[in-house]
Amino acid sequence: MTDEPDLAAEAHKNLDRLRAEMERVDLALIELIAKRVAISRAVGSAKRSAALPPLDPTREAAVIRRVTELAREVGAPEEDVRYIFWHLIGMSRRIQVGGD
């Protein structure tokens, strides 16, 4: 006979551990987004210095192709990765245009 309260307690302990691990991943993602924002500001400045437009559809398409391939390689859902990166590209474009 199993001790159900012990099993439930162990399951809750495991869930707490997994949630803490997910929170660490969330923090790492946010830190990486902040780093991407800083780089986007520098890219915007470089584009302005070179008299280039902030919109670069060829580059954006290349980024999407690259991240789709990376997603495929690591077994991440490709469509969801593309969705996230289109949002990141849009954020970068807004930062390059407006500076924020």
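Computed from a predicted model, the values in this text were never measured in an experiment.
- Hydrophobic clustering, with ILVMFWY side chains joined whenever heavy atoms are under 4.5 angstrom apart, groups M91 together with V81.
- The shortest non-hydrogen separation linking I64 to I89 is CD1-CD1, 3.7 Å.
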Side-chain donor-acceptor distances from residues 15-37 under 3.5 Å, at least two apart:
from	atom 1	to	atom 2	distance (Å)
R17	NE	N14	OD1	3.4
R17	NH2	N14	OD1	2.6
R36	NH1	S92	OG	2.7

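- For residues 62-76, every residue pair satisfying the salt bridge (charged side-chain N to carboxylate O under 4.0 Å, His left out) rule, not counting sequence neighbours, is listed here: E69-R72, R72-E78.
- A donor-acceptor contact shorter than 3.5 Å links the side chain of K47 to the backbone of P54.
- The distance from atom CG of L55 to atom CD of Q96, rounded to the nearest 0.5 Å, is 9.5 Å.
- Hydrophobic clustering (side-chain heavy atoms under 4.5 Å, transitive across Ile, Leu, Val, Met, Phe, Trp, Tyr) keeps V43 apart from I95.
- Without hydrogens or angle criteria, S45 side chain to R41 main chain gives no donor-acceptor distance under 3.5 Å.
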